[in-house]
There are 4 protein chains.
Amino acid sequence: MSQEHMSLPKRRGRPPSQMARARVLKAAHDILTEDGFGRLTVEAVAAKSGVGKPTIYRQWANASELAMAALMSGDTGAFDEGGTNLRSALTAQMRSLIQAFATTRGRQIAMTLAAADPDSEFTKAFRNQVILSSREAGRALLLEAAARGEIMLPQDVDVLLDMIYGPVFYRLLVGHRPLDASFADNIVAIALEVVASS
Amino acid sequence: MSQEHMSLPKRRGRPPSQMARARVLKAAHDILTEDGFGRLTVEAVAAKSGVGKPTIYRQWANASELAMAALMSGDTGAFDEGGTNLRSALTAQMRSLIQAFATTRGRQIAMTLAAADPDSEFTKAFRNQVILSSREAGRALLLEAAARGEIMLPQDVDVLLDMIYGPVFYRLLVGHRPLDASFADNIVAIALEVVASS
Amino acid sequence: MSQEHMSLPKRRGRPPSQMARARVLKAAHDILTEDGFGRLTVEAVAAKSGVGKPTIYRQWANASELAMAALMSGDTGAFDEGGTNLRSALTAQMRSLIQAFATTRGRQIAMTLAAADPDSEFTKAFRNQVILSSREAGRALLLEAAARGEIMLPQDVDVLLDMIYGPVFYRLLVGHRPLDASFADNIVAIALEVVASS
Amino acid sequence: MSQEHMSLPKRRGRPPSQMARARVLKAAHDILTEDGFGRLTVEAVAAKSGVGKPTIYRQWANASELAMAALMSGDTGAFDEGGTNLRSALTAQMRSLIQAFATTRGRQIAMTLAAADPDSEFTKAFRNQVILSSREAGRALLLEAAARGEIMLPQDVDVLLDMIYGPVFYRLLVGHRPLDASFADNIVAIALEVVASS
DNA sequence: TGATAAGCGAGACGGTACGTCCGGTCTTGGG
DNA sequence: CCCAAGACCGGACGTACCGTCTCGCTTATCA
């Protein structure tokens, strides 16, 4: 009696082919990793996947949305949470994040986000799943530690979170300094100084 | 030994036209502010400026470089330094920076940077002049204050600088939170906690 | 031996809808007269008629056949036979024919015929009903007059008929001279000179 | 002082490539003879000729114009004028004409003409060069014979010409009777009856 | 009277071709 | 020797239709 009102649209007509969708995402992902964002054209994806261009355009409005879908499709969003206390957990997460973004893929994610229509629903989903999921995981770690009384959070946690995760994208996009493990460690060290309770 | 390093090649033929260069930059700037980065094509700039495409390609390798040149051309890189002590100076600078980037122009700068070849000399100049100049100004403020004994800097100042300036680009690119004056103030407040000397 | 050849298959299942057929032909006819042959696509007919594409393809193999069916559906093939003697009857028929073809519809008939598969059974029916019916009516008039002894027919009447009716399509297709009533009269005059008996 | 006003445009910029033009026409001609008018697409011509689509569209507005250009390019418009007197000359011309059109090419010419925009300048040139040149040659033959006093022309020679040349296109397009040499002979025979002077 | 079979609309599918935009290059005549 | 103009070839765009194929629904005949 609970989920009877769930979406049972029973739409007429031939349903969209899940196989076509999967082949498109696979092809887009391959092109992205092999040739880069600049080569991810709808034409190339259609040719590589064997799916017609109109079929692609039926689901995605342009190459940017397709790129976001491909980047999301093979992404769990999970991070190694490496320990019980805040410092080790946050450090593990930051190292994992930086390792994930310090590759070609990281730059492609940045380019994709920069090129995307910021108001599209697709873009919002991409932001939440790919960009902000780490930020939310970090927020959870901080809130738990604060609940345990280990730390004192500032009134505006969002700013602190941006100061932790923003620098990763800053270096990724600007490239003035390397993205490496010691960068992760240093950010965590400074952040923990801020929330040191005493 | 004085003017040997001067550039007096006395090359034969007609010299490059400074007027053509200026018209191209003007047209590129106008297109950028009116239509956005996506419409800044060499074709459109040539048509609007009345300059031939080859003339454009002689100076800039592609539309990205042209966009960077246009964005640099009308940019002094100067910031209002609003006071004598660190907090007011840093706050004034951050507010000024955020005000400058919290517009369409800011997003175009991010898109341009994301699309540019990261190894190009042009891109490096753009980074230094448009992106990193604020960061270097901030570094100067911090170093001066440390020299006065007002603050204690961490061993790696670069990380602290990235935690101050990275969040601006993070919000600019990701758009999850607004870029406003209170954001500037909050960042400065947290940063100053880190460097509090006692 | 009487109704064995009748089509009484009494097939099971839902019979084809005569209403769908009528709506398709109506829509095709409307598109043809409003937008021309180039706009007569199966897609457009389906959309305008509210009939599904597969239903259309069940009866007609392509847009050409559909166009021919639409052009045949509103066409009686009857001509005003305006008099008792050969000259007036032939003149009346030619004037009527030219009036019928000297419109947009005439050109569409020519385009349809040119685009159709010449070996299709559909095309043959279209030719006989729309193109050649006038020629056969003319043949009947000539044979009757010859039977009355008014004229002398050449050994190959087909060539004479082609010389009477061919020029109409010639001008229709090539457009070098107008299709008007005096053209009808002049053709009849020359044709009658040929068969003048004495 | 005479041809100074001739077209010496001295246009700036790179001139259109005659080689590209020739390759396009060659490819179009080959496709026309090998696959037929229905397969003559701009896409296919571009692929076969190695010329870019925009280059093709710069010269021809659509596939029909391209087909007409290809059909004109390999066409001298000359007919064997087989003799000194009217009957043999006209017979030779008609046989030659029918032989030229009683092939696949003939049907393609008809289809091309039917599909073409009747008001385009291109179409007019095609009509004059490919369709009506034979008619004008026939007019010349008749006028010469009339000048010699051999025949009596009707007041409207155009109608007579249409009755001679129209039947060829009639049979070509409608296909109800074969296009052969005896058809040519019969048409000439009947036409000469009309102009018999006595 | 109820099963079952065929036709129905809707609509996605893989495709082909369209006509256009822009990229980056090349070739002119003119300054 | 550079400039403007402008055509070149090529790659990709996003759209229109093609003709085919599932769908779930409707309508008829036959068991």
Side-chain angles (χ1 to χ4, degrees), chain A residues 9-21 23 39-47 49-59 61-63, chain B residues 11-17 19-20 39-47 49-58 61-63, chain C residues 9-17 19-21 39-47 49-63, chain D residues 9-17 19-21 23 39-47 49-59 61-63:
Chain A
K10 288 282 189 186
R11 291 190 305 157
R12 306 272 294 264
R14 180 174 175 170
S17 158
Q18 289 307 313
M19 195 183 87
R21 181 187 168 85
R23 282 200 288 166
R39 296 288 180 183
L40 185 75
T41 65
V42 174
E43 195 98 22
V45 171
S49 66
V51 167
K53 277 204 293 174
T55 299
I56 297 176
Y57 279 109
R58 247 170 243 129
Q59 298 212 37
N62 47 53
Chain B
R11 292 188 300 164
R12 298 183 41 180
R14 178 175 177 171
S17 156
M19 194 184 84
R39 295 288 179 185
L40 184 76
T41 65
V42 175
E43 197 96 22
V45 171
S49 67
V51 167
K53 281 204 289 174
T55 302
I56 296 175
Y57 278 109
R58 236 168 257 130
N62 48 52
Chain C
K10 282 286 188 184
R11 292 188 302 165
R12 296 186 43 177
R14 178 176 178 171
S17 157
M19 195 183 84
R21 180 187 168 85
R39 294 289 180 184
L40 184 75
T41 67
V42 174
E43 198 96 22
V45 171
S49 66
V51 167
K53 281 203 293 172
T55 302
I56 296 175
Y57 278 109
R58 239 169 254 130
Q59 297 211 40
W60 300 279
N62 47 53
Chain D
K10 287 283 188 186
R11 293 189 303 159
R12 307 269 296 262
R14 179 174 176 170
S17 159
M19 196 183 86
R21 181 187 168 84
R23 280 202 288 165
R39 296 288 181 185
L40 184 75
T41 65
V42 174
E43 195 98 21
V45 171
S49 67
V51 168
K53 279 204 291 172
T55 300
I56 297 176
Y57 278 109
R58 240 169 252 128
Q59 297 211 37
N62 48 52

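Just so it is clear: chains get the letters A, B, ... in the order the sequence lines come, proteins before strands, and each one is counted from 1. Atoms considered below: every heavy atom in the structure, side chains included; atoms not considered: hydrogens, waters and symmetry mates.
Across all non-hydrogen atoms, the minimal contact from Leu40(B) to Ala63(B) is O-CB, 3.4 Å. Contact record, Ala46(C) with Lys53(C): CB-CG, 3.8 Å, taken as the closest heavy-atom pair.
When rounded to the nearest whole Å, the span between CD1 of Ile56(A) and P of dA12(E) equals 16 Å. Between the P atom of dT27(F) and the CE atom of Met19(C) lies a distance of 10 Å, rounded to the nearest Å. When rounded to the nearest whole Å, the span between CZ of Arg58(D) and P of dC22(E) equals 14 Å. Counting to the nearest Å, the P atom of dT22(F) and the CD atom of Gln18(A) are 16 Å from each other. Whole-Å rounding puts the Tyr57(C) OH to dC8(E) C1' distance at 17 Å.
Taking 3.5 Å as the limit, the base of dC8(E) and the side chain of Arg14(C) contain no donor-acceptor pair of atoms between them. Side-chain to base pairing of Lys53(A) with dG14(E): no donor and acceptor N or O lie closer than 3.5 Å to each other.
Thr55(D) comes within contact range of at least one nucleobase, with a heavy-atom separation under 4.0 Å. Residue Ala46(D) is classed as having no contact, given no heavy-atom separation below 4.0 Å to the nucleic acid.
Dashed line: the shortest gap from a side-chain N or O of Arg39(A) to OP1 or OP2 of dG11(F) is not under 4.0 Å.
Side chain of Glu43(D), nearest nucleotide from dC18(E), dC9(F), dC21(E): dC18(E).
Comparing Thr41(C) and Gly52(B) against DNA chain F, the residue whose closest nucleotide sits nearer the 5' end is Gly52(B).
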